[in-house]
Number of protein chains: 2
Amino acid sequence: MAMATQHTPQGQEPAGRQRTRRSPAPHERQRDAERTKARILDAAVEVFSAKGFDRARVTDIAERAGVNQQLISYYFNSKRGLYREIGRRWRAYEAETIPDDLDFAEQIKHGVRASVDPRLGGRLLAWDGLYDTGEDDEETQERNAQLQHEVQVLRERQRAGEIDDRFDPAALILIGLSAGNALAVYPHLARGLFGTDTVSPELVEHYAEQLAQVISSLPAAAPPSVPGSHK
Amino acid sequence: MAMATQHTPQGQEPAGRQRTRRSPAPHERQRDAERTKARILDAAVEVFSAKGFDRARVTDIAERAGVNQQLISYYFNSKRGLYREIGRRWRAYEAETIPDDLDFAEQIKHGVRASVDPRLGGRLLAWDGLYDTGEDDEETQERNAQLQHEVQVLRERQRAGEIDDRFDPAALILIGLSAGNALAVYPHLARGLFGTDTVSPELVEHYAEQLAQVISSLPAAAPPSVPGSHK
DNA sequence: AGAATAGTCAAATCGCCGTTTGATTAAATC
DNA sequence: GATTTAATCAAACGGCGATTTGACTATTCT
C-alpha cells in the first residue's frame, strides 16, 4: 500500500534552512505518527458522534485534527476503517474503565454524565444501533460478551436479595442504558421537556440524579403484597 | 399503520347517481393521487425509519411504493420535503392517537409496542434527536407543546399523590420514552442482552412488561422516611 | 553526511444519488 | 371523440465528497 516511496529526483534546495538538531524526546517531536493518529481519532469521535457516519465529513475531521484529509486514508485506509478503529479503541477503553463493582445507581449516574460528553460514546452507541442491520460482526460479539457479564453481575445482586426477582436483569440494563443516553440521543425532546434551549451541565446533573433515583427506588425484596391477599 | 392513509377528501356522492361513464368509486380508480402519495409516504416511513435520512435511497422508497422515483419530486419536491411531510403527518397522527388519560404504565407498554413496529416512529424520533442541531424549527416547537402537556398531566398525578414529589415529571417522561424506544434504537444490544438473534414480538412483549413494572413500582407517596424527623 | 523512510500535502478522479428534463399515457370534461 | 389535465415514466445531468495519485519534506539510521 504505502510503500511506493521513491527518492526525490531533483528540486531546488531552499538554501539556509536553519534547524537545530535535537534528540527526539518523544513528546516534543514534531513528527509523531501515534500522536497524529490519536489526534485524528479524537477529532473523528467528536464528528462521528455529533453527525453520524454518513453526515460526518472526512474533511471536517481532518480539519479539526489539523491535518490533511489524505492522511486519514494513509493511516486508516478509509472513513469506514477510521470508524471501526474508533469502535475497537472504544470497547477496550470502556472495558477497562467501567468498574462493575460500583453501586448500580452510581454506575447509572456515571453513565449519564459520560453519555453526554461529546467525546464519549452515548451517541455512538445509538448511531450503531440505528444503523444496525441485524448481522453480528465480530465487533458486536465482543460487546455482547461484556453485556452478558453485566447481566451476570446483576443476577448476582438479585440472588443477594438487592433486587426483586421479578425483574429481568437484561431488561434493567437496557432500560438503564437507554435512559442514561436519553439526553444525548433526544436533545430536542430534552429542550422541550425542561424548557431550556440547550442541554446544560446542570441539566445533565439533574437528570442523572433523577434517573439514579428511579433506579434505586426499585423494590429490593419480594413485593410488599401481603401474603394471602388477592392477585 | 393508517397514518398516511387518510384520503378521499371529496365527499358524499349522492347515492344512486351514476355518471354515464361509471364514475370511479374513489377506492377503485387507478389514478388516485392521494392514494399514491399515501403509498409513497408509507414506503418512506419504512425506509427512513430503517435507514435514516442519509442512507435512505429515494429509489428504494419509490420501488417499494411501486412508482417511479421522479414522482417523489413531483409530489414532495425533494427527499427533504418528503421527510418533512412525514413529520407533519406523524405529529398529527400521534396527537390524536395517544390518549393521555391512560394509566402511565399502560401508556408505556403501548409505547414500547408501538416503538418497535418498524413502520412507527420510535426510530424516527431517535434519528431526529441524533441529527438535531440545536435550533428549533417550528416543527419541534409543536412537539414541545405536546410534551409540555404530558408534563402537566404527570404533575397532576403527582399532586394527586400517585407519584412521589421528588420526581421531576419531565425526567420521568424522558426516561419512559427513551427506555420505551430502547429495543428499536439498540437492537444490537438487545440481541446481545437477551441472547436472541432477532427482536421477536415475544421479546417486545416481555420487555414492555418489564418496563411497565419498573415504572409502576415507582414510589407513590412520600418516602418511607419516618414522619416527625427533622425539617 | 547521505540513504531510507515516515509523515504530510494539493490536486485530480470517479462513483453515487438526488434532481431535472421532456415526453407519454390514462382519466376526466365537454 | 376531442380536448384538457392529472399521473407516470426513462434517461440525462450535475454536484458532492471519498479516495487515489504523485510528489515533497522532515526525521532517523548508519
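Quick note: numbers below take in every heavy atom, side chains included, and nothing from hydrogens, waters or symmetry partners. A, B, ... follow the sequence lines: proteins, then strands. Residue 1 opens every chain.
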B:K79 NZ to D:dC16 C1', in whole Å, measures 13 Å
Rounded to whole Å, CD1 of B:I61 lies from P of C:dT19 at a distance of 10 Å
Item to check | Distance-only side-chain donor-acceptor flag, B:Y74 / B:N68, under 3.5 Å | outcome: no
Separation of D:dT21 atom P from A:N68 atom CG, nearest Å, is 16 Å
From OH of B:Y74 across to P of C:dG22 the rounded distance in Å is 17 Å
- [ ] Please check if the side chain of A:R123 supplies one atom and the backbone of B:L130 the other of a donor-acceptor pair under 3.5 Å.
- [x] yes
Paired with A:R191, the side-chain hydrogen bond (donor to acceptor under 3.5 Å, both in side chains) test is passed by just one of B:D132, B:N144, B:T140, namely B:D132
Regarding the side chain of A:V58, the nearest nucleotide among D:dC9, D:dT8, D:dA18 is D:dA18
note: B:L71, atom CG; C:dT25, atom P; distance rounded to Å ~ 17 Å
From the candidates C:dT19, C:dT8, D:dA18, the one with an atom nearest any side-chain atom of B:Q69 is C:dT19
**Asked** Under 4.0 Å between a side-chain N/O of B:T36 and OP1 or OP2 of D:dT8, yes or no?
**Response** yes
B:I72 atom CD1 is separated from D:dA10 atom P, nearest whole Å, by 14 Å
Of the listed C:dG7, D:dC9, D:dT8, the closest approach to the A:Y75 side chain comes from C:dG7
Requested in this report: Verify, without hydrogens or angle tests, whether B:S78 (side chain) and B:G81 (backbone) share a donor-acceptor contact under 3.5 angstrom.
Outcome: yes
Run the numbers on B:F53 and B:Y131 for ring pair (Phe, Tyr, Trp, His ring centres under 6.0 Å), then give the verdict. CA-CA 9 Å; B:F53 185 84; B:Y131 277 140; 7.4 Å; no
Heavy-atom nearest nucleotide on DNA chain D taken for A:R57 and for A:Q70; more 5' hit belongs to A:R57
Taken to the nearest whole Å, CZ/A:R39 to C1'/C:dT8 is 12 Å
note: A:R55, atom CZ; D:dC16, atom C1'; distance rounded to Å ~ 14 Å
Inset, instruction - Look at all strands and tell whether A:A62 reaches a base, only sugar-phosphate, or nothing, counting heavy atoms closer than 4.0 Å. - result: nothing
